There are 2 protein chains.
Amino acid sequence: MASEKQERAVHTRESLLLAAAETFDEYGYSGASINRILKRAGLTAGALYFHFDSKEDLARAVMNSQPKTIVPLLDSRGLQRLVDITLTWSRRLQEDPLLRAGVRLTNEQVSFGVQDATPYRSWSGIMADCLRDAHERGELQAGVDPAEVGEFVVEACTGMQMFSAVASGRTDLIERVTRMWRLLLPGIAVPAIVARIEVGPNRVRTSAA
Amino acid sequence: MASEKQERAVHTRESLLLAAAETFDEYGYSGASINRILKRAGLTAGALYFHFDSKEDLARAVMNSQPKTIVPLLDSRGLQRLVDITLTWSRRLQEDPLLRAGVRLTNEQVSFGVQDATPYRSWSGIMADCLRDAHERGELQAGVDPAEVGEFVVEACTGMQMFSAVASGRTDLIERVTRMWRLLLPGIAVPAIVARIEVGPNRVRTSAA
């Protein structure tokens with residue numbers, strides 16, 4: 001019985017998170033009222049306040065859900081995994097409201113009084129892990145620092161998403177990601193790996209299949 | 001007489017732009033009312049509407065004033081100029097309200113219903129010009145595309161500013177810019193130039209002196 005109850009609680013929390021993400025994605029932070037979120041989730045205020053303290057708390061949870069919409073889809077390793085994360089992210093931003101709202105709230109957080117570097121740091125950590133794995137597999141040039149490169153890739157992806165959003169409604173994002181790897185890989189990977197890494201739209205279908 | 005009148009008009013426009021920038025910087029787009037801007041400028045609504053159609057028009061003008069707060073300060077050439085632009089930008093973001101409001105509005109524009117890629121494109125164009133100059137001076141490796149690298153540097157700077165704002169209130173921005181050049185230069189510049197380009201906080205004082 002306890003586990004069934006737990007399962008139901010997890011399900012309720014996920015429903016709230018998705019409804020909040022869809023509402024934040026559509027109306028922005030200030031336009032997304034608690035009532036709108038509850039209506040979309042088909043749940044009561046009691047259910048919401050059991051799981052989240054406030055609208056801000058919900059927004060933080062959405063911001064910090066980004067990696068889990070991507071990472072479980074991938075089975076590649078090392079540098080190829082790092083490349084796949086960025087390509088899958090750029091494609092899924094078109095279709096996944098939880099990811100899209102997470103990115104939007106992360107970028108706009110200052111305007112609603114939040115200053116939370118966790119989403120940037122958790123992405124950086126995931127990327128640094130791929131780079132450490134790449135180092136162990138002999139894929140990196142000497143002197144490449146996984147933590148530094150991981151943070152820089154997060155910075156570049158953040159900025160290319162913003163440029164792409166106003167320049168093309170994000171339709172050119174995957175090309176921008178591809179360009180980044182064309183510019184960065186020769187400076188961080190050993191030549192045999194630069195030649196072998198696959199970069200481009202095809203990787204997304206492969207890795208998400 | 002006509003030129004004195006013109007001069008006064010230019011001065012009024014600049015006063016309005018600066019007052020608007022300070023108000024946007026402090027209150028964000030939605031909190032920056034026309035009345036607040038006029039009060040700060042010490043000017044009438046008539047003066048404002050002679051120069052700008054609306055608050056949105058003012059915001060666009062602030063967004064598009066960024067390069068003029070940086071570019072006139074520099075006298076270096078080629079890749080060194082490109083590096084100096086990014087270093088000076090990262091320092092002046094701490095102190096120049098016109099630049100800071102321009103960056104903030106550019107990043108938040110979607111939340112107030114604007115979709116204007118001009119600020120990203122004009123920065124990219126300025127950076128591509130430096131890279132074309134660098135190419136003519138023999139500073140670039142074969143196959144480096146000035147327009148591509150120019151856009152990528154703008155993307156990376158945009159994202160590092162956002163990460164830095166929530167991670168450190170922008171105090172670590174200049175180190176992030178320095179890191180970018182350490183990662184990028186070996187992939188785009190010829191070895192003699194990689195060794196000669198100066199990157200770091202000292203460049204800012206030199207180039208702004």
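Note that the structure is a prediction, hence the values are computed from the model and not measured. Proteins get letters first, then strands, A, B, ... in listed order; numbering begins at 1 in each.
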Which atom pair, heavy atoms only, marks the closest approach of B:Ala117 to A:Ala167?
CB-CA, 4.0 Å
Is A:Leu185 close to chain B through its backbone or its side chain, or both, or neither, when contacts mean heavy atoms under 4.5 Å?
neither
Least distance between heavy atoms, B:Leu184 atom then A:Leu184 atom
CD2-CD2, 4.2 Å
Measuring heavy-atom distances to chain A, does B:Gln109 have an atom under 4.5 Å in its side chain, in its backbone, in both, or in neither?
side chain
Counting only heavy atoms not in A:Arg137, do more than 12 sit closer than 6.0 Å to its CZ atom?
yes
Okay, A:Ser30 and chain B: the region with an atom under 4.5 Å from a heavy atom over there is neither
Roughly how far apart are B:Phe163 CZ and A:Cys157 SG, rounded to 0.5 Å?
12.0 Å
Considering all heavy atoms, the nearest A:Ser111-B:Arg104 contact:
CA-NH2, 4.0 Å
Proximal component of B:Ser124, with respect to chain A [non-hydrogen, under 4.5 Å]:
side chain
In short, A:Ala165 meets B:Gln115 closest at the heavy-atom pair O-NE2, 3.2 Å
A:His135 NE2: over 12 foreign heavy atoms closer than 6.0 Å
no
Hey, what do you get for CG (A:Asp145) to CZ (B:Arg182), rounding to the nearest 0.5 Å?
8.5 Å
Rounded distance [0.5 Å steps], CD in A:Glu151 versus CG in B:Leu183:
11.0 Å
Closest heavy-atom contact between A:Met162 and B:Asn107?
CE-O, 3.3 Å
Between B:Glu108, B:Arg121, B:Glu148, B:Gln161, which has the largest tally of heavy atom pairs under 4.5 Å with chain A?
B:Glu148
Given B:Arg176, B:Arg179, B:Met160, the one with more heavy-atom pairs under 4.5 angstrom with chain A than any other is B:Arg179
Parallel, tilted or perpendicular: which describes the rings of B:Phe152 and A:Phe152, with under 30° parallel and over 60° perpendicular?
perpendicular
